[in-house]
Each structure stands twice: as structure tokens, then as C-alpha cells.
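Below is one structure, written out as C-alpha cells; the observations come after it.
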2 protein chains.
Amino acid sequence: MKSFARHKTKYGLKSSSKRTFIVDFFMKAGRHFTVEELYNEIKKHRKGISYSTVYRALKLLADCGLAGESMFGDSVSRYEPISRSDHHDHLICSRCGRIIEFENGKIEQLQHNVAEKYGFSVSAHRLELYGVCRECQRKRRRK
Amino acid sequence: MKSFARHKTKYGLKSSSKRTFIVDFFMKAGRHFTVEELYNEIKKHRKGISYSTVYRALKLLADCGLAGESMFGDSVSRYEPISRSDHHDHLICSRCGRIIEFENGKIEQLQHNVAEKYGFSVSAHRLELYGVCRECQRKRRRK
DNA sequence: ATCAATAATGAAAATGAATTGCAATTTCAT
DNA sequence: ATGAAATTGCAATTCATTTTCATTATTGAT
């Protein structure tokens, strides 16, 4: 939580048990959430936390670099905890929605080369592969 | 226009000069547009075409595979004509918004390898590199 | 060419997620 | 304990997207 503390100081934030709960829950979960998903999940474990609060906590985390924000296909933002500087890319199953993360240094290197070729100074990138996961391929007897 | 004609037949569409104009304009322009951008651009060349019609034409094109739909960072959809099976990726300048397209077979191959490793059957992918373009790097004396 | 069936269009309304305003509540340094 | 300032909840707003519906245009059959 170090960088959250730093951010907290920097912007004169105060702490609250609700926000702390949200932040902890999110960081420990270690997976993707839409605001609504996180809101619903949290509702199960602790009541009296509103959607707005979850939304704002997530925004805060994104601001201080503890959460990554991204949109896959649909127009809903998804957030995921960022432990260190662990950038990773995504494999997204179009059937079940499962999201798998991966890293690949070679791809990163090639990306860098491409950017260089065009004179771009790259600060971020996103790579997403959409398809059908192994499990969904098996039980393919669906609509 | 072949695949548009096919789609037209398949879904019993009728033709109209307005839609034809939009489709032609878009396909010839050969670049990215948000619905609004295309609407404004078209307005300059021919009057009496509403936002709805542009919106619907773009959707149609996306449906029949002649236009690609994507969202970069902000939450606005952008469309681009797809000539053949020319998949390409994007370099996006965070300052001026310029979008440069590129293709890289090696990266594609590596992506394929990764997917295979996880048992994914990939049907689509997107790769975007965000940064500052050469021109914006030069005239960096801005806010 | 005329007619009926059906698609296309425009304008306005609806939708849906993201975001904000504001009053009430809580935090925290003093 | 006190007061300034942050947090929260809820309702309201925003903004792009999408849909509705009345009107107009297109097409195939006659």
C-alpha cells in the first residue's frame, strides 16, 4: 500500500474504513473487476458501501498507479490491481468472458522496434487477443 | 462493394443515395473516423444527411466486415475501412491524436504462439501503442 | 406506371455507464 | 472537543450510443 499512502499524503486525503476495505479487497482479489462487479462483490462482504464510493476508490487507485483501467470490446471499464511494474497483456474469451494475463518480452521488444521506426516515443501499450478458451472449446455444444 | 452487396441481399436491404454516398465517402477516405467526425465531414460535401443515417451506415459496414470498430482510450468508437483482410495495429499519439497504422508479421506470429500455449483459439486481436509522435516531440514547447 | 410491402431516414427520446453536485457525515490535527 | 476539510450516498447530469416512431423512398409485382 505504499504508493497509496504517498498519494494520500500528496493530495491530503483522509482515510476511511470504507475506502480501506474497498482498496484491500480489490488489491487482494488480484483480478479484473468492472465497477459494478466490484460493487456487488463488496456488497456481499460488507454492507453500507455505495456504488459511488467504490467508483471513486477505483479511480483513486488508478490515479496513483495501483490499478490499471482498460476497456475490452464492450464499453465498460475494467480495473485490475497492478502489483509492481508488472505490465501484462490479455487473452479474452469471447464466450465466457474469462480473462487470462500473459507477458511476452519478445513481443514487447518488437513493439519497441516498430515504434522506433515511426519515431514514436511509447509510453504505454495494450495487446489483447480475443478468441475462445480451451474450456469453451470443449463444451462447444451451446448456442 | 462486393461484400456490402452480399450483405444487402442477405438482409433484404434497399439502397439509397444517402447511404451510398456515406459508404463511398468512408471507404475512399481510407482513414479513421468517429461517427461524429464522419458526420461532420460528410456534411461539408452533401447536405441533408443526418447523424442517425451516418451512424447506421457505419454499423452496417461494421456488420458486413467492411469497417473495423475500435475504441482507443477515450470512450468513443472509431471506424476505419477494411479493404481486404488487411489487419493492422495502431500507434496513437497522446498529444495530437494522430493514428498511424502498422503491420508486423513477427508480432502476429508470437501472438499466435502465446494463444496456443493457453489453448486459445484466437479470432481477433488488437495491439495499440500509445506515445508521442515525432512531430509532437519536436514542438514540445507546449503545455 | 401504379400499388403494396417494406426499408431508410430524421428528429426526438431512451439508454447506459461514467461522473458530479450537494447536503450530511466522518476524519484528524490542534 | 472543535472546526476545517475530506468522504459518502443519492440523486442528478453528462455524453456517446442506440432506439422509437412517424414520414418518405425504394423495390418487386401487377
Side-chain angles (χ1 to χ4, degrees), chain A residues 4-26 32-43 45-64 67-80 97, chain B residues 1 4-26 32-43 45-64 67-79 97:
Chain A
F4 184 62
R6 196 185 316 132
H7 197 261
K8 190 163 164 286
T9 306
K10 183 172 175 187
Y11 293 100
L13 305 184
K14 291 178 178 172
S15 54
S16 79
S17 66
K18 288 178 181 181
R19 185 162 61 202
T20 301
F21 186 85
I22 298 169
V23 169
D24 287 353
F25 188 94
F26 174 72
H32 287 263
F33 287 99
T34 62
V35 176
E36 189 170 13
E37 282 165 359
L38 183 57
Y39 168 64
N40 286 326
E41 206 53 45
I42 280 183
K43 198 161 52 174
H45 299 276
R46 165 153 173 181
K47 49 177 47 184
I49 294 185
S50 75
Y51 180 93
S52 304
T53 300
V54 174
Y55 167 78
R56 285 188 272 229
L58 242 19
K59 275 294 176 200
L60 262 184
L61 287 171
D63 287 347
C64 64
E69 189 178 358
S70 47
M71 281 172 71
F72 304 137
D74 51 16
S75 52
V76 184
S77 291
R78 283 158 208 282
Y79 297 83
E80 61 175 331
Chain B
M1 304 299 105
F4 183 64
R6 197 184 315 134
H7 197 261
K8 189 163 163 289
T9 306
K10 183 171 175 188
Y11 294 99
L13 306 183
K14 292 179 179 175
S15 53
S16 80
S17 66
K18 290 178 182 181
R19 184 162 61 202
T20 300
F21 185 85
I22 298 168
V23 169
D24 286 353
F25 188 94
F26 174 74
H32 287 263
F33 288 98
T34 62
V35 177
E36 190 170 13
E37 283 165 358
L38 183 57
Y39 168 65
N40 286 326
E41 205 54 44
I42 280 183
K43 198 160 53 176
H45 300 276
R46 164 151 175 182
K47 48 177 46 186
I49 293 186
S50 74
Y51 181 94
S52 303
T53 301
V54 173
Y55 166 81
R56 285 188 274 229
L58 241 19
K59 277 292 175 201
L60 261 184
L61 286 171
D63 287 347
C64 63
E69 189 178 1
S70 45
M71 280 171 72
F72 304 137
D74 51 15
S75 52
V76 184
S77 292
R78 282 158 208 284
Y79 297 82

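Remember, predicted model here, so these are calculated numbers, not experimental data. By convention in this document, chain letters (A, B, ...) are assigned in the order of the sequence lines, proteins followed by strands, and residues within each chain are numbered from 1.
One side chain, Ser17(A) or Arg46(A), offers a donor N or O that lies under 3.5 Å from an acceptor on the other.
Rotation axes derived from the C1' atoms of the five outermost pairs at either end of the helix from dA1(C)-dT30(D) to dT30(C)-dA1(D) lie 30° apart, to the nearest 10°.
Aromatic ring centres of Phe25(A) and His45(A): separated by under 6.0 Å.
If you measure from atom CG of Asp74(B) to atom P of dA17(C), you get 18 Å, rounded to the nearest angstrom. Between the CD1 atom of Ile42(B) and the P atom of dT9(C) there is a distance of 11 Å, rounded to whole Å. The interatomic distance linking Glu69(A) (CD) with dA18(C) (C1') rounds to 10 Å, in whole Å. Going from atom CZ of Arg19(A) over to atom C1' of dG9(D) covers 15 Å, rounded to whole Å. One can place OH of Tyr39(B) at 17 Å from C1' of dT18(D), the figure rounded to the nearest angstrom. Met71(B) has its CE atom 10 Å from the P atom of dT18(D), to the nearest Å. The separation between Glu36(A) atom CD and dA17(C) atom C1' is 9 Å, rounded to whole Å. One can place CG of Leu60(B) at 13 Å from P of dT19(D), the figure rounded to the nearest angstrom.
Closest heavy-atom contact between Phe26(A) and Glu80(A): CZ-C, 3.4 Å.
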Residues Leu58(B), Ile22(B); criterion side-chain contact (heavy atoms from CB on, under 4.5 Å); working and verdict
CA-CA 8 Å; Leu58(B) 241 19; Ile22(B) 298 168; 5.5 Å; no
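The base of dT27(D) is not paired with the side chain of Lys14(B) by any donor and acceptor separated by under 3.5 Å.
Judged by distance alone, with hydrogens and angles left aside, the side-chain atoms of Thr53(A) form no donor-acceptor pair with the main-chain N or O of Ile49(A) at under 3.5 Å.
With sequence neighbours excluded, no residue forms a side-chain hydrogen bond (donor to acceptor under 3.5 Å, both in side chains) with Ser77(B).
Taking the nucleotide of DNA chain D with the nearest heavy atom to each of Ser75(B) and Ser17(B), the more 5' of the two is matched to Ser75(B).
The aromatic rings of Tyr11(B) and His7(B) sit tilted relative to each other, their planes meeting at an angle between 30° and 60°.
Within 4.0 Å (heavy atoms only), Ser77(B) reaches sugar-phosphate atoms of the nucleic acid but no base atom.
Taking 4.0 angstrom as the limit, Ser15(A) places a side-chain polar atom (N or O) nearer than this to OP1 or OP2 of dC28(C). Look at Ser16(A) and you won't find any side-chain N or O under 4.0 angstrom from OP1 or OP2 of dA6(D).
Residues Tyr79(B) and His32(B) are not in side-chain contact: their nearest non-hydrogen atoms beyond the backbone lie 4.5 Å or more apart. Lys14(A) places none of its side-chain heavy atoms less than 4.5 Å from the side chain of Lys8(A).
Applying a 4.0 Å cut-off to non-hydrogen atoms, the residues of residues 46-59 of chain A that approach DNA chain D are Gly48(A), Ile49(A), Ser50(A), Ser52(A), Thr53(A), Arg56(A), listed by residue number.
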